[in-house]
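Heavy atoms only: backbone and side chains are in, while hydrogens, waters and symmetry mates are out.
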Amino acid sequence: MSNYQSSLSGDFAMSNGHASHKTSTVVDMPKNNLPFVDTMQTNNTSKKSSENSDNNGDENEERGNWGNKMDFILSSVGFAVGLGNVWRFPYLCYKNGGGAFLVPYVIMLFAAGLPMFVIELGFGQFVSKGCVGVWDLAPLFKGLGWAMVIISGMVVIYYNMIIAYIFFYFFASFNKVVPWSTCGNEWNTEFCEVSTKSNSTLIYNTSESNATVTTVTRPAEEFWLNYALGRSEGLHDMGTIRWQLLLCLLLAWIVVFLCLIKGIKSVGKVVYFTATFPYIVLFILLIRGLTLPGAMNGIYFYIVPRFDQLGNPTVWKDAAVQVFYSLGPAWGSLHTLASYNKFHNNFHRDGITVGLINCGTSVFAGFVIFAVIGFMSHDSGMPIEDVAAGGSGLAFVAYPEAIARMPGSVFWALLFFFMLLTLGLDSMFCNLETVVTAIVDELKPVYPNIYQKKTYVTGICCVVFFILGLPMTTNGGFYMLTLMDEYSAGFSIILISMGETLVISYVYGIENFMRDMMVMLKFKMNIYWKICWMAISPSVMFFVFIFFGVGYKGLTLDDYKYPPWAEFLGWGMVIAALLPVPGYMIYFLYYKAHGTTWKERFFYSLEATDSWGPALNKHRAEANYPLIADESKAGIASNGFNKLSSVDEQWQPPPKMMSNGTTSPGYAALANGDYEMRNGDYNNINDSYHKKEPVVSEHDSVTLSRDMPLSCNSESSI
């Protein structure tokens with residue numbers, strides 16, 4: 001292929017089908033690439049070309065892509081299937097009446113969770129940008145993207161502290177006997193008592209009576225509260241930094257940085273182990289749990305719903321929050337993961353698959369947890385609902401209790417906590433990558449080579465978040481962690497998700513969005529998605545918002561009630577996440593929007609920017625978007641547009657809907673339902689393209705707009 005030199009000048013039309021910000025793009029074409037000739041590409045040839053394109057390295061060479069499809073699938077599973085599936089979902093079932101929680105959970109999944117999961121994958125994949133850059137779709141609402149970044153930032157602060165706890169348990173397991181299996185240690189109290197049932201690897205005391213049974217504490221619980229946490233009396237008593245937790249937190253951040261040092265290229269390989277290993281361990285633990293006495297009672301409590309709980313709005317709020325917490329919409333990570341996909345990846349199928357795997361894992365982990373809870377209830381004589389402390393400590397009390405009763409407990413403890421590390425690290429990778437990707441995407445216009453410096457940005461973020469997490473290494477740190485867990489990613493993600501669906505559906509236009517998705521998928525998405533995005537999902541989120549207010553109660557941790565000033569701090573986290581939304585609106589209207597009146601500025605800010613659309617010009621041509629100046633040279637020289645190599649060449653996208661209800665002027669509808677270019681550039685005849693190019697002299701220019709995609713292959717590319 002001969003080299004193609006081009007330059008772009010002038011402006012170009014809006015790419016969202018609404019009123020234009022700018023008018024045209026001019027491409028000067030040298031004479032040595034002419035004349036153009038007629039070309040015909042059959043359907044089979046196009047499919048083969050598409051397959052070759054998918055396998056020949058990165059499609060977006062500057063930004064990078066996943067190494068292959070499984071890298072993305074496993075990374076998405078790793079993000080969605082995290083610690084919350086083990087220590088949050090079973091806890092919410094325990095808190096909300098066992099199996100009754102599954103009813104609102106499944107309803108919320110199909111009404112809001114899965115539609116939001118799929119829409120964000122498609123959103124990020126279409127423009128190949130993170131959660132901030134995607135809002136070129138409607139720049140007035142770019143604050144939604146920054147709100148997602150802030151949420152992810154707050155989450156990684158406390159989430160990595162949980163990983164630090166796991167490291168603590170992992171290292172503590174290197175003993176002849178796991179230290180939480182017996183009483184009589186320096187951290188135990190006089191109330192510590194272990195089971196009287198003999199076990200080949202453990203030594204038990206035998207003191208137990210009806211008079212003291214209600215005050216008995218188990219050694220696993222005392223190890224967690226008194227030794228691992230060294231927990232103080234409350235948030236008002238933060239105490240001093242515990243050096244063991246400090247070192248574990250430092251190690252956690254070092255591991256996260258090393259795994260992200262090459263971005264998605266390194267993460268995409270690590271997840272082949274970290275995303276699959278937990279299932280093996282969970283299955284083994286389930287088998288072991290079912291052999292314990294009383295296990296079936298716990299499972300019965302888990303799967304049999306008590307429908308009287310469904311009248312409690314807190315149950316529905318918790319179900320919605322758990323769906324969002326687990327699947328991860330409105331955190332920005334889904335946009336980020338999908339942004340590294342190749343343009344024609346089937347995100348629709350991937351989203352459904354990953355979403356169902358994630359929720360199935362939550363239910364499966366619940367069986368593992370409740371089998372152990374049933375055993376603990378049988379062993380202690382206490383009711384199931386009272387047998388274990390609630391909260392995130394469930395994973396550090398119930399699971400260790402089961403492990404301590406297994407033959408070879410040290411081996412099982414190391415295996416189990418290593419599994420928790422893999423679960424937690426997968427989610428940490430994605431959450432931190434969300435923050436880093438948002439930063440580098442936004443800095444690119446100012447620092448064009450920022451992608452080459454991404455490792456430094458990652459390192460700086462790790463250092464900053466490590467420092468911010470230091471208060472959680474103190475005696476009162478767990479109170480702070482619980483506060484952040486309750487407020488940082490609950491109330492705010494409901495509002496942000498609702499805003500996202502409304503902006504896409506009613507500001508950008510659901511028909512425009514469905515069309516964009518069809519360009520990537522090459523088929524029209526089911527009406528179920530359209531109904532959910534336009535009505536069902538935002539309605540569900542609105543009612544959850546109402547329920548949240550009606551059912552709100554002050555935060556508690558075991559017997560500790562958080563003081564008003566602590567709850568005020570929690571609501572400050574909510575406000576911090578939501579503040580960028582109105583803040584950026586004011587900033588954009590005042591400093592960025594064009595127009596002589598505020599009304600003109602407002603409507604200008606609702607229109608997509610010139611950079612909205614696919615990242616590469618070959619895909620912009622497929623979708624009938626104007627070319628972008630900084631991509632035209634690479635896109636035209638290496639790919640050309642007389643052959644749409646990544647899409648079946650007999651297929652053309654449907655017309656874009658204009659704001660006045662008409663279709664894009666670049667297309668004319670044919671009687672058979674296909675579309676042809678009104679300029680005569682493309683004609684859909686017998687499942688092939690005949691492209692006729694005008695003769696252009698050396699000094700002539702061709703004006704580009706949504707009306708006429710460019711075809712600029714050299715002769716040798718035919």
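Residues Met541 and Ile494 form a side-chain contact, since some pair of their non-hydrogen atoms from C-beta on lies under 4.5 Å apart. Contact annotation: the side chain of Thr434 approaches that of Cys131 to within less than 4.5 Å [non-hydrogen atoms, C-beta and beyond]. Within the 4.5 Å cutoff, the side chain of Leu225 has no heavy atoms near those of the Trp187 side chain. Within the 4.5 Å cutoff, side-chain heavy atoms of Leu421 are placed close to those of Phe167. Counting only heavy atoms from C-beta outward, the side chains of Val178 and Val410 approach each other to under 4.5 Å. Ile303 is listed as a side-chain neighbour of Phe367, based on a closest heavy-atom distance under 4.5 Å. When side chains are defined from C-beta on, Ile73 does not count as touching Thr353, because their heavy atoms never get closer than 4.5 Å. In this structure, the side chains of Val81 and Val354 stay at 4.5 Å or more apart for every pair of heavy atoms.
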Item to check | Test log, rule side chain to side chain contact (heavy atoms under 4.5 Å, CB included), inputs Ser492 and Tyr487 | outcome: CA-CA 8 Å; Ser492 53; Tyr487 288 97; over 6 Å; no

Item checked: Trace of the side chain to side chain contact (heavy atoms under 4.5 Å, CB included) decision for Thr361 with Asn358 -> CA-CA 5 Å; Thr361 303; Asn358 165 72; 5.7 Å; no

inquiry  = Evaluate Phe478 against Met472 for side chain to side chain contact (heavy atoms under 4.5 Å, CB included), listing each step before the verdict.
reply    = CA-CA 6 Å; Phe478 192 69; Met472 283 179 282; over 6 Å; no

task: Could you walk me through whether Tyr105 and Phe89 pass the ring-ring contact (aromatic ring centres under 6.0 Å, His included) test, one step at a time?
output: CA-CA 10 Å; Tyr105 181 76; Phe89 180 84; 4.9 Å; yes

- Task: Please step through side chain to side chain contact (heavy atoms under 4.5 Å, CB included) for the pair Glu567 and Leu483, ending with a clear verdict.
- Result: CA-CA 8 Å; Glu567 293 194 45; Leu483 186 70; 5.7 Å; no

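Atom CH2 of residue Trp412 and atom CZ of residue Arg288 lie 9.5 Å apart, to the nearest 0.5 angstrom. Taking CZ of Phe347 as the reference point, atom CZ of Phe72 lies at 10.0 Å (rounded to 0.5 Å). To the nearest 0.5 Å, atom CE of residue Met428 and atom CD of residue Glu433 are 11.5 Å apart. For the atom pair CG of Leu423 and OG1 of Thr274, the computed distance is 9.0 Å after rounding to the nearest 0.5 Å. Rounding to the nearest 0.5 Å places OG of Ser333 at 10.5 Å from CD1 of Ile151. A distance of 10.5 Å separates CG of Leu229 from OG1 of Thr474, quoted to the nearest 0.5 Å.
Side-chain atoms of Ser326 never come within 3.5 Å of backbone atoms of Val323 as a donor-acceptor pair (strictly under, hydrogens ignored). When atom types are taken as modelled, the side chain of Thr422 and the backbone of Met419 share a donor-acceptor pair closer than 3.5 angstrom. Listed for the Trp66 side chain is a donor-acceptor partner under 3.5 Å among the backbone atoms of Leu337. At least one donor-acceptor pair under 3.5 Å links the side chain of Asn346 to the backbone N or O of Arg349. Judged by distance alone, the side chain of Thr217 and the main-chain N or O of Glu193 form no donor-acceptor pair under 3.5 Å. Put simply, the side chain of Asn96 gets close to the backbone of Leu92: a donor and an acceptor are under 3.5 Å apart. No donor-acceptor pair under 3.5 Å is formed between the side chain of Asp318 and the backbone N or O of Val315. Side-chain N or O atoms of Ser427 include none that pairs as donor or acceptor with a backbone N or O of Gly424 at under 3.5 Å. A donor-acceptor pair is defined here as one N or O able to donate and one able to accept, closer than 3.5 Å; no such pair exists between the side chain of Ser488 and the backbone of Val155. Judged purely by atom type and a 3.5 angstrom limit, Ser232 uses its side chain to pair as donor or acceptor with the backbone of Gly234.
For the residue pair Glu222 and Thr189, a side-chain donor N or O sits within less than 3.5 Å of a side-chain acceptor on the partner. No hydrogens or angles considered: nothing links the side chains of Tyr159 and Asn431 as a donor-acceptor pair under 3.5 Å. A side-chain donor from one of Asn345 and Asp350 sits under 3.5 Å from a side-chain acceptor of the other. Between the side chains of Thr501 and Ser537, not a single donor N or O lies within less than 3.5 Å of an accepting N or O.
Dense packing is recorded around OH of Tyr560, with more than 12 heavy atoms of other residues, nucleotides or ligands lying under 6.0 Å away. For Met525, the CE atom sits in a packed shell: over 12 heavy atoms of surrounding residues, nucleotides or ligands are nearer than 6.0 Å. Around the CZ atom of Phe543, the shell of radius 6.0 Å holds no more than 12 heavy atoms that belong to other residues, nucleotides or ligands. When the shell of 6.0 Å around CZ of Phe283 is examined, it contains 12 or fewer heavy atoms from other residues, nucleotides or ligands.
Between Tyr562 and Tyr479, the angle of the ring planes goes over 60°, which puts this pair in the perpendicular group of the 30/60° scheme. Relative orientation of the Trp224 and Tyr165 rings is perpendicular, given thresholds of 30° and 60° on the angle between their planes.
Met161 and Leu245 get closest at one heavy-atom pair: CE-CB, 4.1 Å. Closest approach of Cys248 and Phe171 over heavy atoms only: SG-CD1, 4.5 Å. Of all non-hydrogen atoms in Val574 and Phe491, the two that sit nearest each other are CG1-CD2, 3.2 Å. The two residues Ala330 and Met148 make their nearest non-hydrogen contact at O-CG, 3.3 Å. Contact record, Leu327 with Leu114: CD1-N, 4.0 Å, taken as the closest heavy-atom pair. Across all their heavy atoms, Cys93 and Tyr302 have their closest contact at SG-CE1, 3.7 Å.
Between Trp180 and Phe396, a ring centre-to-centre spacing not shorter than 6.0 Å is recorded. Phe277 and Tyr272 have their aromatic ring centers separated by at least 6.0 angstrom. Within the 6.0 Å centre-distance limit, the rings of Phe223 and Tyr169 are counted as a close aromatic pair. Here the two rings, on Phe170 and Phe417, have centers that are 6.0 Å apart or farther.
The residue from Tyr528, Trp529, Phe117 that alone fulfils the ring pair (Phe, Tyr, Trp, His ring centres under 6.0 Å) condition with His348 is Trp529.
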